[in-house]
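To start, the structure under review is shown below, and the notes come after it.
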Amino acid sequence: MQQKSFLERYVKVIVVFAVIAGSASGIFGSVIKAPPMAIGFWRLSFGLPFFAVPFFKSGINEVKTIPPKSMLFTIMAGVFLFLHFFCWFSAVKLTNIASASVLAALHPLVVVFTTIFVFKRHVGRRALMGIFCALAGASMVAGFDYKELAAGDFKGDVLSIATAIFMGLYFAMGHEARKNISGTTYVFLCFLFCWICFVIGMISTGTQFAGYSSSDWIYILWLTIICQIGAHAVFNLCMGHVSSLYVSTWESGEAVSATMLAYILLGQVPKQWQILGMITVVIGLLYYNYYSKLDESQDRDHLNKELNFESNNGKDSEEGGC
């Protein structure tokens, strides 16, 4: 029996750490003065060489064997990632972080929809309850009340909703692509197509490539290391071993880690209703995690029964034919 890799053994724990890394994205996006298109372009430009090295070392020959359908899913994932980045960095400059966070955290609903209605996969009722519980908790943490949302700019809130939609589609496309593409190859190609979209966007909008402050360059570099490499690259690698719905659901828990980071780094003490929301998120995620594993186990048992039934029928037919 082949021994499992480190990623396979600890994939669900690694997803949690990636979520914590990704929670810093909103903070970086709000303090960087450069326009959203430039932030995305340089984030990808700094990150691509890091992913190019392993790709050209071991993955370049795989490109020839990728099925056209899987390549199409990869291209679509790159385009949706571009749209997600652009909308997110635009949103955090136009509305308050509370509004942006709660609306952007709705992406598991998109993944649920595509999983059930587009890719025709089963999602257990109790797992869905865990997802909605986590989303409700994230709303509480982010400040889902009238005063918080009313303080935001409507255009920024619309962009936050678009962020959630594109994030969900990016995860869904990535899950389908990863069925036939290794993690190293998929991560590089997805980020490459995303970078190409940003190049086109920079040129078509006339956004300047340079001339930004030294603090912007430092923040973009840290954004690349922590959020691009530590979060998105890890999410894409993990989707070869867990579903996109699993990754998306846990990623909605960023509201909790963002609040904790704000407390540690900025001294912002969470309010009582935020603490209650954090507890609700954790309960929802643990509930989802438990029942998603139970559903996976039941699906495997059901599949094995079907295979055994078909196998026994085949044997009976052969015996009857004799």
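We count residues from 1, following the sequence as given.
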Item checked: Flag if over 12 foreign heavy atoms under 6.0 Å of NZ, Lys33 -> no

Item checked: Option passing ring-ring contact (aromatic ring centres under 6.0 Å, His included) with His232 (candidates Phe50, Tyr170, Phe51) -> Tyr170

Checklist line | CZ on Phe17 to SG on Cys238, rounded to 0.5 Å | finding: 12.0 Å

Check: Within a reach of under 6.0 Å around OH of Tyr212, are more than 12 heavy atoms found that belong to other residues, nucleotides or ligands?
Finding: yes

Note to self: Under 6.0 Å between ring centres: does that hold for His84 and Phe171?
What the structure shows: no

Item checked: side chain to side chain contact (heavy atoms under 4.5 Å, CB included) between Phe166 and Leu81, worked out -> CA-CA 7 Å; Phe166 294 131; Leu81 181 59; over 6 Å; no

Check: Could you go step by step and tell me if Ile14 and Leu7 meet the side chain to side chain contact (heavy atoms under 4.5 Å, CB included) rule?
Finding: CA-CA 8 Å; Ile14 293 171; Leu7 179 61; 3.6 Å; yes

Next item on the list: Indicate, with yes or no, if the rings of His175 and Phe235 have centres closer together than 6.0 Å.
Entry: no

Margin query: Cys227 vs Arg43, test: side chain to side chain contact (heavy atoms under 4.5 Å, CB included). Steps then yes/no.
Written below: CA-CA 9 Å; Cys227 303; Arg43 172 178 176 165; 3.6 Å; yes

Note to self: Using the rule given for side-chain hydrogen bond (donor to acceptor under 3.5 Å, both in side chains), can you reason through Thr205 versus Thr207, listing the C-alpha separation, both sets of side-chain angles and the distance that settles it, and then say yes or no?
What the structure shows: CA-CA 5 Å; Thr205 59; Thr207 303; 2.8 Å; yes

Notebook entry, point to check: Are Trp42 and Phe46 close enough that their ring centers fall under 6.0 Å?
Noted result: yes

Notebook entry, point to check: When the aromatic ring centroids of Phe41 and Phe209 are compared, is their separation below 6.0 Å?
Noted result: yes

Note to self: More than 12 heavy atoms of other residues, nucleotides or ligands under 6.0 Å from CZ of Phe55: yes or no?
What the structure shows: yes

Check: Please walk me through it: do Thr184 and Phe188 pass side chain to side chain contact (heavy atoms under 4.5 Å, CB included)?
Finding: CA-CA 6 Å; Thr184 300; Phe188 175 75; over 6 Å; no

